[in-house]
Amino acid sequence: MPELPEVEHIARGLHERLPGRTVRGVTVRWERCLAAHTPQALEQAIVGLTFQSVSRRAKFLLLELPPYWLIVHLRMTGRLFFCETPQPEWETHPHVHVVLELDGDARLYYRDVRKFGRLYLTRAPQEIVGGLGAEPLAPDFTAERLGDILRGRRRQLKPLLLDQRALAGLGNIYVDEALWLAGLHPLVRSDSLSDKDVARLHASIRQVLHAALAHGGTTLRDYRGPDGQTGTHQHALAVYGRAQTPCLRCGAPIRRIVVGQRGTHYCPACQPAPPTLEEMSDDDLAARSP
DNA sequence: ACACCCTCCTGGAGGC
DNA sequence: TGCCTCCAGGAGGGTG
């Protein structure tokens with residue numbers, strides 16, 4: 001599933017190819033992938049417009065098409081790819097829901113097996129991405145900022161890291177990986193972390209994202225880059241999808257539990273469980289009360 | 001404020 | 001082989 005590194009990879013690839021291309025035609029085969037427009041309205045709005053840039057905010061792709069922005073969220077299985085010439089395979093493919101015909105007979109295909117992804121057309125991107133939280137690879141995402149995010153709430157660590165309003169761009173895979181690297185249990189309370197814990201988690205998040213980006217993303221099944229190529233970071237995953245296999249750090253079997261309806265992978269030795277209520281001292285309990 | 005559950009979808013995997 | 005059931009999950013919504 002595309003998370004921040006995958007979306008960044010796609011954005012960079014499309015930014016090399018799309019700017020300067022003019023939309024000549026729009027075909028929508030499955031209307032519900034358009035968040036708020038009819039196919040006719042989309043076509044009327046963007047035919048004749050020229051792409052200016054492609055960028056990313058969290059897991060959203062921002063395609064600048066003045067005076068509009070075409071914003072795409074790929075969710076689980078969405079793919080967006082550019083071809084210099086029409087591809088017969090994709091022109092009629094049952095999972096290709098939108099085809100943009102561009103000048104020079106180039107094509108931008110939007111494909112999505114599970115149909116969770118959405119396309120938005122807006123003049124004001126903030127309406128779509130305005131509520132998102134901190135951007136983990138931005139320069140202003142410091143350990144202090146992460147500390148504020150974590151300690152400002154009393155939540156289990158993993159669901160908080162997945163909450164796009166708090167921190168934007170992480171998904172299930174990279175949260176599990178970052179928590180393993182930091183040695184933090186997914187159920188630890190966010191307001192219980194020490195400064196050292198926060199600093200380690202901050203470094204781990206960035207390290208995991210940078211590594212995945214360098215590998216062109218993680219392809220478990222559906223993800224493809226802007227030219228259709230797979231990523232290679234799946235070979236570097238330490239815990240995600242490795243239940244029952246030995247921890248790369250200590251050899252203990254990786255455990256899989258469900259947290260917030262998500263498969264969650266961690267090392268029970270390297271990522272010690274938070275204390276239960278019974279195990280907490282009176283001081284701990286007193287500290288939890290307002 | 002936070003945890004929990006449901007919905008959207010489909011292909012792949014497992015059981016028999 | 002084939003049919004059935006279950007599962008994966010990002011995000012938004014509702015409920016307790």
Side-chain angles (χ1 to χ4, degrees), chain A residues 1-8 10 28-36 56-61 71-80 93-98 110-120 127-136 148-179 185-193 209 212 217-224 230 234 237 239-244 254 256-266 274 276-277 287-290:
Chain A
M1 59 222 81
E3 302 182 25
L4 187 155
E6 290 77 23
V7 178
E8 176 69 23
I10 293 168
V28 178
R29 299 220 192 83
W30 191 68
E31 300 190 14
R32 281 200 281 156
C33 70
L34 305 181
R56 176 193 64 77
R57 172 75 171 98
K59 303 176 203 172
F60 288 86
L61 281 161
I71 299 182
V72 182
H73 197 305
L74 300 172
R75 294 282 181 99
M76 309 293 300
T77 55
R79 298 189 202 171
L80 199 58
H93 195 284
H95 298 148
V96 171
H97 306 311
V98 180
Y110 171 71
R111 157 188 173 144
D112 188 3
V113 174
R114 290 195 200 165
K115 300 181 171 176
F116 281 9
R118 290 295 180 266
L119 279 66
Y120 307 81
E127 289 175 0
I128 313 297
V129 299
L132 293 168
E135 187 69 43
D148 292 342
I149 291 166
L150 297 174
R151 291 166 184 150
R153 312 166 194 225
R154 306 173 130 207
R155 294 184 62 183
Q156 297 170 335
L157 205 41
K158 174 159 178 174
L160 178 53
L161 294 176
L162 285 173
D163 188 337
Q164 303 296 298
R165 295 166 301 182
L167 190 59
L170 291 183
N172 203 38
I173 297 173
Y174 297 123
V175 166
D176 281 4
E177 293 296 309
L179 288 173
H185 193 282
L187 294 180
V188 162
R189 279 170 50 118
S190 62
D191 60 341
S192 74
L193 298 194
L209 294 177
T218 299
T219 298
L220 293 177
R221 181 171 300 162
D222 293 282
Y223 169 72
R224 297 294 183 280
T230 61
Q234 61 276 15
L237 296 177
V239 284
Y240 187 86
R242 295 194 62 244
Q244 310 300 333
I254 297 302
R256 182 184 187 280
I257 59 175
V258 174
V259 179
Q261 285 76 244
R262 309 277 158 75
T264 297
H265 312 74
Y266 72 102
T276 61
L277 282 178
R288 291 186 54 156
S289 315

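These figures come from a predicted structure and were not determined experimentally. Convention: sequence-line order gives letters A, B, ...; per-chain numbering from 1.
Spacing between atom CZ of A:R154 and atom P of B:dA1 amounts to 12 Å, rounded to whole angstrom units. Taking atom CZ of residue A:R118 and atom C1' of nucleotide B:dC9, one finds them 9 Å apart after rounding to whole Å. Atoms CG (A:D191) and C1' (B:dA1) sit 12 Å apart, rounded to a whole Å. Atom CD in A:Q164 sits roughly 15 Å away from atom P in C:dG13 (whole-Å rounding). Between A:R189 atom CZ and B:dA1 atom C1' there is a gap of 11 Å when expressed in whole angstrom units. A:D222 has its CG atom 19 Å from the P atom of C:dC7, to the nearest Å. For the pair A:R153 CZ and B:dC2 P, the interatomic distance rounds to 7 Å; values are reported in whole Å. Note: NE2 (A:H73) to C1' (C:dG12) measures 11 Å, nearest angstrom.
In the model, A:H265 has a side-chain atom that pairs as donor or acceptor with a side-chain atom of A:D176 under 3.5 Å. A:T77 and A:Y223 form no side-chain donor-acceptor contact under 3.5 Å, judged by distance and modelled atom types alone.
Residue-nucleotide stacking is not present for A:F116 and C:dA11, judged by a side-chain ring centre under 5.5 Å from the six-membered base ring centre and planes under 30° apart.
Closest to the A:K59 side chain, of the nucleotides B:dG11, C:dG10, B:dC9, is C:dG10. Comparing C:dG10, B:dC9, B:dG11 by their nearest atom to the side chain of A:K115 picks out B:dC9.
Contact check on A:E6 versus A:R224 returns no salt bridge, with no Lys/Arg side-chain nitrogen under 4.0 Å from an Asp/Glu carboxylate oxygen. Classification of A:K59 and A:E3 as a salt-bridged pair fails, no side-chain N sitting under 4.0 Å from a carboxylate O.
Contact annotation: A:R165 side-chain N/O to C:dA11 OP1/OP2 distance is not under 4.0 Å. The shortest distance between the side-chain N/O atoms of A:H95 and the OP1/OP2 oxygens of B:dC9 is not below 4.0 Å. For the OP1/OP2 pair of C:dG10 and a distance below 4.0 Å, the side-chain nitrogens and oxygens of A:R262 include at least one atom meeting the criterion.
Heavy atoms of A:G117 sit nowhere under 4.0 angstrom from any nucleic acid atom. Heavy atoms of A:Q261 sit under 4.0 angstrom from at least one base atom. Among the protein residues, A:Y240 comes within range of the sugar-phosphate backbone only, with heavy atoms under 4.0 Å from sugar or phosphate atoms but none that close to a base. No contact: A:R111 has no heavy atom under 4.0 Å from any strand. Using a 4.0 Å heavy-atom distance criterion, A:R75 is classed as a base contact.
Remark on DNA chain C: of its neighbouring residues A:Y120 and A:M76, the 5'-side contact belongs to A:M76, judged by nearest-heavy-atom nucleotide. If A:R155 and A:W30 are placed on DNA chain B by their nearest nucleotide, the residue sitting closer to the 5' end is A:R155.
When the shell of 6.0 Å around CZ of A:R165 is examined, it contains 12 or fewer heavy atoms from other residues, nucleotides or ligands.
Side chain of A:R79 to backbone of A:D222: a donor-acceptor contact under 3.5 angstrom is found.
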